[in-house]
Amino acid sequence: MGRKLKKDMLMKRTEISQLKLNINNSTKIQGWIQSIRDKGKIQFIVIRDHSGTVQAILERAENPGLADVIAKLTSETAVTVVGKVCENPHVKMGGIEIQLKELHVENHSESPLPYDLFGKIKPELDFRINWRYLDLRIPENNLIFKVQTLIEMSMREFWIKDGFIEIHSPKLMGTPSESGAELFKVPYFEKTAYLAQSPQFYKQMAMAAGFNKVFEIGPVFRANPSFTSRHDTEFTSVDVEISWIDSHEDIMSFEEKWIKYILLKIKENFGKEIFAKFGVEVEVPDIPFPRISMKEAIKILQKEGYSLPTENKEDLDPNGERLLCKFIKEKYNHDFIFLTDYPVSVRPFYHMRHSSNSLLTKSFDLLWKGLEITTGAQREHRYKVLAQQALEKGLHLEPIQFYLDFFKHGCPPHGGFGFGLTRMLMILLNIKNVREVTFIYRGPNRLFP
RNA sequence: GGGGUCGUAGUGCAGCUCGGUUUAACACGCCUGCCUGUCACGCAGGAGAUCGCGGGUUCAAAUCCCGUCGACCCCGCCA
């Protein structure tokens, strides 16, 4: 290796998306071999990095030694490449190509790959998850997590402008947090601890602590053996809790503004790319979102000829939710619905009840295009009422006494919601399975990778 | 926990109903060779499958029967 080439290899890396600014310059790029078209006397390779792809070319006569190296390359090998960036209108891939001067294999890729990453037919998701690190190299999958990053940033921007405090609640708990979900038990010295299924108790504690408004983005764990395309045993929950509210209406009016802001940011920054890669137009919703009480919803569904499963007359099943969203879309041209005022029977003990109707809670779910993405409510903050409601639900007070205590010394009226981040991604990108929008999926049958 | 569908090369699938011309086909990927402008490159050749596992019926089983294991999807539960 001559002195000049060595120096080339030490130059700063250029992202492939920036190559058009380096026309006629010697440039270094780093990425993966996406395809090799070796014509013998002339060789073409396509190199991909996180920002794009580019074709590189070598005429064998120019550098036979290098040509031999290229002849032995395998798909997805990680390489460093130096060459001259040239304009060439014949090249379909962006009209530019790199004339190779040097190529260094950083990490050879075993051949064959478990599957053809860029083939026409994808293997089943379950198989691809076995090779998640390869699957995530596909630009579409990469985009999912770029979008997720901006979603979380936009959420935080909105909260922080609005004076929220971020909390990090413990994931090891001494008692269930009573969301109705089942629990993972873990040995904890001589005791048993539970993995948090929700930060519910602690975000309410923050209200008692005078934090005014809080949010948390963090993991939650559900031990339900749920075999569906929209459940996992560990997922990222987005939680909000707000003090000094008058009713759950205050929570809903916060959430719709917050969602509108997030979707606006996504549209501005990724709208085109999302449309190109997923075929979905990102729509920024009008506010307020339609609000429909459970009672009205059931009436509408009955009128539409849909009968709910007999054992569950007070709640909607997923089919009912989808149908209701379809109805609202047709009638009000809106993709979101707040479903409000759920009956006591299907809500946890800490949801506040209407003073005018003790059978209904001051609660809501938010449905987006047929999928439930939020559950929220005003919380019961009066100690005696709360304890009474817990007893009515058949709970023992001792294990939750620490929680009940939060309401003994001047806890303000408050409410909040939990929001499913992966479910938002599913709807936003029209992806039918949570596993695909989860970096590393965890489910009843999946503890690896 | 209840129900449904499905297990055939690395991947995606055909064949299974009606057992035997099946030496289990096809596509992508992979390997070898050829090709100086490819870009879903092309051309010629090649390797790769104890048909999920166990048992049974039969002269004969990928195919029929019984059992078993696994995965996925729907319901329930929930974000």
Side-chain angles (χ1 to χ4, degrees), chain A residues 34-46 53-62 67 71-72 74-76 86 88-97 99 109-131 134 179-183 197-200 217 219-239 308-309 311-312 315-321 346-348 365-368 371-376 417-427 432-435 438 443-446:
Chain A
Q34 185 160 315
S35 74
I36 305 144
R37 289 185 284 272
D38 187 345
K39 309 276 293 175
K41 293 209 175 74
I42 184 166
Q43 296 168 314
F44 303 93
I45 58 178
V46 174
T53 51
V54 68
Q55 169 169 290
I57 178 180
L58 179 71
E59 291 181 35
R60 176 168 279 275
E62 297 274 312
K72 285 188 199 136
T74 56
S75 294
E76 294 304 310
C86 298
N88 184 341
H90 296 300
V91 179
K92 291 178 186 170
M93 192 175 284
I96 57 168
E97 65 184 3
Q99 290 183 343
S109 174
E110 285 183 18
S111 178
L113 290 166
Y115 65 100
D116 180 12
L117 297 195
F118 294 89
K120 302 158 219 169
I121 304 157
K122 281 184 179 183
E124 281 179 19
L125 182 58
D126 193 55
F127 179 87
R128 284 186 282 129
I129 288 175
N130 290 337
W131 299 95
L134 291 175
S179 80
E182 290 174 57
L183 297 159
Q197 25 166 246
S198 147
Q200 186 60 36
I217 299 179
V220 294
F221 305 88
R222 306 271 165 105
N224 305 58
S226 298
F227 300 99
T228 80
S229 57
R230 57 190 186 284
H231 289 90
D232 29 24
T233 50
E234 173 177 352
F235 64 94
T236 303
S237 179
V238 175
D239 277 89
L308 292 159
E311 72 275 13
N312 212 353
D315 202 356
L316 296 189
D317 58 346
N319 238 333
E321 290 177 345
V346 296
R347 293 305 227 195
D365 276 10
L366 177 62
L367 308 182
W368 185 17
L371 189 67
E372 177 185 334
I373 59 168
T374 283
T375 294
F417 62 85
F419 176 96
L421 184 59
T422 46
R423 287 195 175 180
M424 176 179 227
L425 283 164
M426 283 171 76
I427 299 295
K432 300 303 180 193
N433 200 312
V434 260
R435 297 164 205 203
T438 304
N445 290 322
R446 182 59 82 170

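These numbers come from a predicted model, not from an experiment.
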Inset, instruction - State whether the side chain of A:Thr74 and the backbone N or O of A:Ser109 hold a donor-acceptor pair below 3.5 Å, judged by distance alone. - result: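 Such a contact is found between A:Thr74 side chain and A:Ser109 backbone.
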Legend entry - Rounded distance in Å between the C1' positions of B:A25 and B:C72: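 That atom pair is separated by 26 Å.
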Inset, instruction - State whether A:Asp365 and A:Arg347 are salt-bridged, where the test is any N-O pair (Lys NZ or Arg NE/NH1/NH2 against Asp/Glu carboxylate O) under 4.0 Å. - result: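 Salt bridge flag = yes for A:Arg347 with A:Asp365.
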Legend entry - Side-chain ion pair, A:Asp126 and A:Arg446, N-O less than 4.0 Å: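 A salt bridge links A:Asp126 with A:Arg446.
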Inset, instruction - Rounded to the nearest angstrom, tell me the gap between atom NE2 in A:His90 and atom P in B:U38. - result: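 Taking atom P of B:U38 as the reference, NE2 of A:His90 is at 9 Å.
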Inset, instruction - Provide, to the nearest angstrom, the distance between the CZ atom belonging to A:Arg128 and the C1' atom belonging to B:C72. - result: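 For the pair A:Arg128 CZ and B:C72 C1', the rounded distance is 13 Å.
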Legend entry - Watson-Crick or G-U wobble partner of B:A60, both distances under 3.5 Å: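 The answer is none; no pair meets the criterion.
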Legend entry - Complementary nucleotide for B:C6 - Watson-Crick or wobble, under 3.5 Å: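 WC or wobble partner is B:G70.
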Legend entry - Set of residues satisfying salt bridge (Lys or Arg N to Asp or Glu O under 4.0 Å) with respect to A:Asp239, sequence neighbours excluded: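 Only A:Lys203 meet the salt bridge (Lys or Arg N to Asp or Glu O under 4.0 Å) criterion with A:Asp239.
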Inset, instruction - Between B:C35, B:A79, B:U11, spot the one nearest the side chain of A:Lys41, thanks. - result: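 Of the candidates, B:C35 comes closest.
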Inset, instruction - With the side chain of A:Asn445 defined as its heavy atoms from C-beta on, choose the nearest nucleotide among B:U11, B:A71, B:G37. - result: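 When the side chain of A:Asn445 is considered, B:A71 is the closest of B:U11, B:A71, B:G37.
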Legend entry - A:Arg230 (side chain) and B:C74 (base): donor-acceptor pair under 3.5 Å: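 Result: no qualifying N/O pair found.
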Legend entry - Minimum heavy-atom distance between A:Pro444 and A:Asn224, given as atom pair plus value: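 It is CG-O, 4.3 Å.
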Legend entry - Contact letters for nucleotides 29-34 of chain B, in which S counts primed atoms plus P, OP1 and OP2 and B counts the base, heavy atoms under 4.0 Å: SSS---
